[in-house]
Each structure stands twice: as C-alpha cells, then as structure tokens.
Asker: 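The structure is given below, and queries will be raised subsequently.
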Amino acid sequence: MIQAHIAYAKGSPSPTLALPAEALPEREEELEPALREAVGHLAEHGGGLEKITKIALIAPSRHPLFDIDYRFVQVMPGPEPRFDFHGSCGHSVLSSVMVAGRLGWVHRLAPDHRVRVNVLNNGDHVVCEVDDCERDRATFTAHFMHHPAVCLDTFTYGGAPTTSLVYEDGSITASCVSVSNPYVFVNAADLGVRDADQLFTDDPALFGTLQQIRSAAADVYGLPRGGAFPKIAALLPDGDGTIAARAISVPTWHPTIALTGAVCLGAASKMVGTVPYELAGSAAVPGAPLTIRTAGGTTAVRAAVTGNTPADTLAWVSVAQKSVEFTGSLTLERLQPYAQKEALPYAHR
C-alpha cells in the first residue's frame, strides 16, 4: 500500500501531502489520474484533508550531491482537479525534509544538520539547515543556492528591471523576476493603495486587478493563464529596509508570502531599477537583510550579491526561522492500481 505523509510549514496556505515518487508514474499524463485519486481520497475523508492543495513527490536523491529529489505539484481547485507542474514551493520543500527525516531517508534531524534538496521542477538547489528540532516539529533556515553564481540580469524578463504589462482594465509597470519561481512585483501605490493597512484588507477589487495583471504576465512568460504561475505580489515601502507585501496564492490571498516569494523578492530588492529595489531603502545595499511584512507576520531574507548592477551576480538567498510540523500519515488505497513498485521505507543507498 502507498503511504502518504502530511506536514505543515507555518505561513503556508496549505499543508503538504508527501508521496513516494518511486511508487508512482513519472510521466505527467500517467501521474495525473493517480493524483486525482489521491485528491479524491482526501476529499472523501475530510477532517481538513480536503483543503490540501500542495503535493510533493519525494525520493532519496539519485544525484550524489543531494539527499532528496523533490517534485512539486500544485492542485488547482475546481469541480475536476487540475495540476500544475511548472514551479516549486519552498514551504513544501521544508515539509518534505521533515517527512524524509521521519522515514529515515536522511540522518536524524538535529541542530546544524543540513539536508540538500534537488528540485526537479526547475533545477533549484535548496539546502535546509536545521535550527531547532523536537519530535514532530523543526525550525529551518532555507538556503537557495546558485553555484556558480548567476548574473542578476539573467533573472529578469528580457534582462530589463521592469516590464510594461497591459491588462483588461489598464496597464502597469511591473518587475518580472524569476528566482526559484517566476514572480510579478508591482507597486501597490500604482493601484491606489495608500498604506500597509489598506494593502492588507480583503479588497475584492484589488484581488481582481492583481489577477488580471498576473494573467497578462502569464502571457509574457508563455505560461497558461489558468495555472499557478507566475505568482504576483503588490508591494509598499513600510519603513526603511522593510517592504509590505500582499501576495496571491491558489485560489485566494496568501496568508503570508510563499517562501519562494520571499526568496525572489529578496533577490529582486538587490537589482537596480526593479520595483522592489526602489521600495527597499537601505535593504537594497549588498549584504543588508530585507524585512518583508505581510498580513500574517514578518520574514527576514538575505541575498548574497556582488553588487546591484545587471552584471553583478547572485550566489544564494536565505530565509531563516521557518517552522514545520509533521501532522500524520495515511494509507491511500485508491492509489494502489497506479503503483509502479513499493517504495523503500529506508533509503540510505
């Protein structure tokens, strides 16, 4: 029987359902029916399981430099569930590390231990450093690595710090930046938002406008409008070195900001001419941390850059104090017809 495991990273809009990749088909057209069965099982059993929209397919890594191979799947809610394989999810990466520790796939989690994750969706290399650990809970610092370091203009659409996006109700200058995931950053003041308090209200008009802008950016990136990517966040300065951010998740406002969103925003704040750079104040200086304030709390992010110009390089981005809780396991009988082989319970090999 296929065993699934659930973990929740604080600040995420959903827990993560971790499935053994080795026990399931690899090709999307064969995998999707199995995932629909998994989602159907969660819906049938309820108890909050039906709210899970993040799936991680994990296995001991085939690459000698990594501990875990990780593949993210975003569940797109609807009468018939759809799945987006285009990007990653940092909160789910950390949840997967927590699960791998429980399964014995990696050495027992303990302070200062590091687990290296190979993200198959987009080639990200994430080092998850354990800050603190109890039986079912752990706190991590996540390091998103770029080795060798990459020129900053590689991460912006067309190598430019801003892009003009035309959407249904108007046009706006945005920064389209792809660090870990593709993101669209806009100045909330350009949409009539006066301050952080207004930004954090549940404003359907602002939500609708951001969705329109996101759709326009999806066209630019060549991604499906109905998918989960690119992500979008509206920003305001919130004191020197702090940016207030309101992001959209699937299918509503994000309670905080995605871990990959914090990574991308932290990197973008170092790129001269981008919307985040113009709002970051002293946090735009190389070596300075950026504080991101959201409706659900604050996050500090550091980006290691050689400078702010397009020719300067990014080596890594780190986000600290990310808490994860292992919440349980379940058997998914409905997945058995799709099983390729039994996943190994222990996999130091």
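Keep in mind the model is a prediction, meaning the values are calculated, not measured.
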Asker: Between K322 and A138, is there a donor-acceptor pair closer than 3.5 Å when you use the side chain of the first and the backbone of the second?
Answerer: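 A pair under 3.5 Å: no.
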
Asker: Looking only at heavy atoms, what is the nearest atom pair of F144 and G90, with distance?
Answerer: CZ-CA, 4.3 Å

Asker: Would you call E80 and R36 a salt bridge, taking side-chain N to carboxylate O under 4.0 Å as the test?
Answerer: yes

Asker: Check step by step if salt bridge (Lys or Arg N to Asp or Glu O under 4.0 Å) holds for D136 and R102.
Answerer: CA-CA 9 Å; D136 293 323; R102 296 279 300 201; 2.3 Å; yes

Asker: Can you name the salt bridge (Lys or Arg N to Asp or Glu O under 4.0 Å) partners of R302, sequence neighbours left out?
Answerer: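 Salt bridge (Lys or Arg N to Asp or Glu O under 4.0 Å) check on R302 returns nothing, list empty.
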
Asker: Report yes if some heavy atom in the side chain of V305 is under 4.5 Å from a heavy atom in the side chain of D312; otherwise report no.
Answerer: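 Result no, sub-4.5 Å side-chain heavy-atom pair not found.
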
Asker: With clusters built from Ile, Leu, Val, Met, Phe, Trp and Tyr whose side-chain heavy atoms come within less than 4.5 Å, directly or transitively, what are the remaining members of the cluster of V166, listed by chain and number?
Answerer: none

Asker: Has T331 got a side-chain atom pairing as donor or acceptor with E333's backbone, closer than 3.5 angstrom?
Answerer: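 The answer is no, because no donor-acceptor pair under 3.5 Å joins these two groups.
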
Asker: Verify the neighbour count for atom CD of E26: are there more than 12 heavy atoms of other residues, nucleotides or ligands below 6.0 Å?
Answerer: no

Asker: Check the side chains of T156 and D153 for a donor-acceptor pair under 3.5 angstrom, ignoring hydrogens and angles.
Answerer: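 On atom types as modelled, these side chains do not qualify, holding no pair under 3.5 Å.
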
Asker: Any side-chain heavy-atom pair from V186 and V275 closer than 4.5 angstrom?
Answerer: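 No, side chains not in contact.
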
Asker: Do side-chain atoms of Q74 reach the backbone of T53 as a donor and acceptor pair under 3.5 angstrom?
Answerer: yes

Asker: Main chain of L109, side chain of H113: is a donor-acceptor contact present, judged purely on distance under 3.5 Å?
Answerer: no

Asker: Any idea which heavy atoms bring V117 and Y70 closest together, and the distance?
Answerer: CG1-CB, 3.6 Å

Asker: Show the nearest heavy-atom pair for residues A245 and L265, with the distance to one decimal.
Answerer: CB-CD2, 4.4 Å

Asker: Sub-3.5 Å donor-acceptor pair from the side chain of S175 to the main-chain atoms of T274, do we have one?
Answerer: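 It does not hold such a pair.
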
Asker: Going by side-chain heavy atoms closer than 4.5 Å, which hydrophobic residues are tied to Y277, directly or by a chain of links?
Answerer: V272

Asker: Can you say whether the rings of H5 and F326 are parallel (under 30°), tilted (30 to 60°) or perpendicular (over 60°)?
Answerer: tilted

Asker: Is the shortest side-chain heavy-atom distance between M271 and V179 below 4.5 Å?
Answerer: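 Yes, their side chains come closer than 4.5 Å.
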
Asker: Regarding K10 and the six-membered ring of Y8, is the cationic atom NZ or CZ under 6.0 Å from the ring centre and inside 45° of its axis?
Answerer: no

Asker: Heavy-atom distance under 4.5 Å between the side chains of C128 and L94, does that happen here?
Answerer: yes

Asker: I need the minimum non-hydrogen distance between L335 and A38, along with the two atoms involved.
Answerer: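 The pair with the smallest heavy-atom distance is CD2-N, 4.1 Å.
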
Asker: Of all residues at least two apart in sequence or in a different chain, which pass the side chain to side chain donor-acceptor pair (under 3.5 Å) check with T173?
Answerer: none

Asker: Does L199 reach the side chain of L206, with side-chain heavy atoms less than 4.5 Å apart?
Answerer: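 L199 vs L206: side chains touch.
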
Asker: Cluster partners of W316, using ILVMFWY side-chain heavy atoms under 4.5 angstrom, listed by chain and number?
Answerer: V127, M145

Asker: I'd like to know if the side chain of D124 and the backbone of V119 have a donor-acceptor N/O pair within less than 3.5 Å.
Answerer: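 Absent.
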
Asker: For a quick check under 3.5 Å, do S282 and D240 share a side-chain donor-acceptor pair by atom type?
Answerer: yes

Asker: Under 3.5 Å, is there a donor-acceptor pair linking the side chains of T16 and S92?
Answerer: yes

Asker: Write down the atom of V250, the atom of P77, and the distance for their closest heavy-atom approach.
Answerer: CG1-CD, 3.3 Å

Asker: Any donor-acceptor pair under 3.5 Å linking the side chain of K270 with the backbone of A288?
Answerer: yes

Asker: Are the aromatic ring centres of H86 and Y221 under 6.0 angstrom apart?
Answerer: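 Aromatic pair excluded; centres sit 6.0 Å or further apart.
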
Asker: Got a donor-acceptor contact below 3.5 angstrom from the R82 side chain to the G226 backbone?
Answerer: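 Judged by distance alone, yes, a pair lies under 3.5 Å.
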
Asker: Share the residues that join L65 in a hydrophobic cluster, the rule being Ile, Leu, Val, Met, Phe, Trp or Tyr side chains under 4.5 Å apart at the heavy-atom level.
Answerer: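 F66, which link up through side-chain heavy atoms under 4.5 Å apart, make up the rest of the cluster.
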
Asker: Using modelled atom types only, decide if a donor and an acceptor are shared between the side chain of S249 and the backbone of T252 within a distance under 3.5 Å.
Answerer: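 Answer holds: no.
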
Asker: Can you find a heavy atom in the side chain of F83 that is under 4.5 Å from one in the side chain of E28?
Answerer: no

Asker: How far does CG of N118 sit from OG of S61, to the nearest 0.5 angstrom?
Answerer: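 One finds 5.0 Å between CG of N118 and OG of S61.
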
Asker: Given side chains that start at C-beta, do those of V130 and V97 come closer than 4.5 Å, heavy atoms only?
Answerer: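 No, side chains not in contact.
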
Asker: Please answer whether the main-chain N or O of L35 pairs with a side-chain N or O of E37 as donor and acceptor at a distance below 3.5 Å.
Answerer: no

Asker: Using every non-hydrogen atom in the two residues, find where V99 and A7 come nearest and quote the distance to one decimal.
Answerer: CG2-CB, 4.2 Å

Asker: Can you confirm whether I172 sits close enough to T209 that some side-chain heavy atom of one is under 4.5 Å from a side-chain heavy atom of the other?
Answerer: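 SC-SC contact between I172 and T209 ruled out.
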
